[in-house]
Participant: 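First, the structure itself, so that you have it in front of you.
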2 protein chains.
Amino acid sequence: MDLLYQNFIDHYSNSQQLTDHTKVEICNHLSILHLNKKYVLIKENQRHYFAYFVIKGAVRSYFLKDGIEVNTWFALENDMVGSLQNFNDNPSKETIELVENSTLIAINLEQIKPLMFSNIQVANFINAIIEEYALFLEDKIYFSQMMNSMDKYLILLAKEPQLFQRIPLTYIASFLGITRETLSRLRAK
Amino acid sequence: MDLLYQNFIDHYSNSQQLTDHTKVEICNHLSILHLNKKYVLIKENQRHYFAYFVIKGAVRSYFLKDGIEVNTWFALENDMVGSLQNFNDNPSKETIELVENSTLIAINLEQIKPLMFSNIQVANFINAIIEEYALFLEDKIYFSQMMNSMDKYLILLAKEPQLFQRIPLTYIASFLGITRETLSRLRAK
DNA sequence: ATAATTTTGTGACATTTGTCAATTGAAATC
DNA sequence: GATTTCAATTGACAAATGTCACAAAATTAT
């Protein structure tokens, strides 16, 4: 099995031992992609049947509000990228676009989902992914409700310093819910 | 089986047929509670081994920031209440408190979780709960990032009008991330 | 290397929201 | 039913953030 697949699978199977059979079954629905900056993985309002795992690179998600991009998050190495909406056959609410040239694992949701009902290990594997994602969302909400702009900036800087090296400040300001001018002024202090 | 349990189970088993055996196994870890206004279900920073499903009543969650309550959401009939943190054996980040006298189903997470690894129907049942919760969180984030205060107020009013009848405006303002004075002024228009 | 484009920073001013204080209104308690 | 407590509103002013305009810096393309 490809080492990259192995790493990905290990990352989400901590709570259980997967049989080789299950691992192969999962791998059958994975593939590796090399894509360039600005490539759009998922388009807002479109159905899409893949989720992605970032091996190398950087990705952002955003949606349009009154014609303006509102950035919702950034994924770097070892992060999952996708939309639960897609997992549930609904159109994505966000556009997901590469910020750097990236290497990704694509997970074919359409193919892997039915296995949940026949293979309990797959069910728990997917469970682990969704659970981690939900925890991540809880954190994000906690973060967004907790603080004023300055606090948010400082916490984000402490928690995810790489973002400030790799993601344009314009996007980060938008994520923080402030204008880039305001972020620029916060940074000046 | 108690009709209330039946309704709860049906609510999260739409995608699969549960055998009677599985239903009984789930019910063994459910119980019904009648509790009064102001009762605290879950305390911030404490481990807790139950999640709840609201049959009748209203519940709010909040955490303390610099000694001030920050309300994070309100649950009414047919909503789940709990914390994924607890599901993962971490202390809760939020306090969960009744806003009205309420009837709830308590789900014993500690007992039901191990079944995920032996009963695939239970795995998918719990999956469905977590998935719905994650979708709810996605919506919440979308909502919170999308709009200015006035838009948020109007959308919330359109989507959840019952909240404004049943939840004090002070809590709602806090949830919207504004002071009650600002909410009061928005409403004046 | 140079030019063109994109990103970031800064100033002046408008708008929104927060803070503090006082008042009114509603609901719970006795 | 009167009293007490809590919730909601309103006004005056302060602080934070947004908007618009422009300049500087960095990045990308030719």
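Letters go in sequence order (proteins before strands), and every chain restarts at 1. No hydrogens, no waters, no symmetry mates; every other heavy atom, side chains included, goes into these values.
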Participant: Would one find a side-chain N or O of T179(B) under 4.0 angstrom from OP1 or OP2 of dG18(C)?
Facilitator: yes
Participant: Taking atom C1' of dA16(D) as reference, at what distance in whole Å does atom CG of L176(A) sit?
Facilitator: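 Between C1' of dA16(D) and CG of L176(A): 15 Å.
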Participant: Can you measure K38(B) atom NZ to dA27(C) atom P for me and round it to whole angstrom units?
Facilitator: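 Between P of dA27(C) and NZ of K38(B): 15 Å.
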Participant: Charged N to carboxylate O below 4.0 Å: is that the case for E138(B) and K93(A)?
Facilitator: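 K93(A) and E138(B): not salt-bridged.
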Participant: Check for a donor-acceptor pair, side chain of E69(B) on one end and backbone N or O of F63(B) on the other, with a separation under 3.5 Å.
Facilitator: no
Participant: Donor-acceptor pairs are to be reported for all side-chain atoms of residues 175-184 of chain A against protein atoms at under 3.5 Å, with residues two or more places apart or in another chain.
Facilitator:
from	atom 1	to	atom 2	distance (Å)
T179(A)	OG1	T182(A)	N	3.3
T179(A)	OG1	T182(A)	OG1	3.0

Participant: Polar atom pairs between nucleotides 11-15 of chain C and protein, under 3.5 Å, N or O only, would you list them?
Facilitator:
from	atom 1	to	atom 2	distance (Å)
dG11(C)	N7	R185(A)	NH2	2.8
dG11(C)	O6	R185(A)	NH2	2.8
dA12(C)	N6	R185(A)	NH2	3.3

Participant: Mind grabbing the angle between the end helix axes of the helix from dA1(C)-dT30(D) to dC30(C)-dG1(D)? Five pairs an end, 10° rounding.
Facilitator: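 If I round to tens, the end axes sit 60° apart.
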Participant: Any salt bridge between E97(B) and R60(B), counting N to O under 4.0 Å?
Facilitator: yes
Participant: Tell me, with the steps shown, if F164(B) and L157(B) meet side-chain contact (heavy atoms from CB on, under 4.5 Å).
Facilitator: CA-CA 7 Å; F164(B) 291 86; L157(B) 187 62; 3.5 Å; yes
Participant: Dump the pairs, protein N or O against N or O of nucleotides 27-30 of chain D, anything under 3.5 Å, distances to one decimal.
Facilitator:
from	atom 1	to	atom 2	distance (Å)
dT28(D)	OP1	K37(A)	NZ	3.1

Participant: Between dT19(C), dG9(C), dT9(D), which one does the side chain of R187(A) approach most closely?
Facilitator: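 For the R187(A) side chain, the nearest candidate turns out to be dG9(C).
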Participant: Kindly indicate, with the supporting measurements, whether the criterion salt bridge (Lys or Arg N to Asp or Glu O under 4.0 Å) is fulfilled by R166(A) and E100(A).
Facilitator: CA-CA 8 Å; R166(A) 297 168 64 180; E100(A) 299 173 356; 2.9 Å; yes
Participant: Select from R180(B) and L183(B) the residue whose nearest nucleotide in DNA chain C is closer to the 5' end of that strand.
Facilitator: L183(B)
Participant: Using atom CE of M150(A) as one end and atom P of dG18(C) as the other, report the distance to the nearest whole Å.
Facilitator: 19 Å
Participant: I'd like to know whether the aromatic ring centres of Y62(B) and W73(B) sit less than 6.0 Å apart in this structure.
Facilitator: no
Participant: Near DNA chain C, which residues from residues 162-173 of chain A have a heavy atom under 4.0 Å away?
Facilitator: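 Of all residues in residues 162-173 of chain A, the ones placing a heavy atom under 4.0 Å from DNA chain C are P168(A), L169(A), T170(A).
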Participant: Could I get the full list of side-chain contact (heavy atoms from CB on, under 4.5 Å) partners for D79(B), not counting sequence neighbours?
Facilitator: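 A75(B), L76(B).
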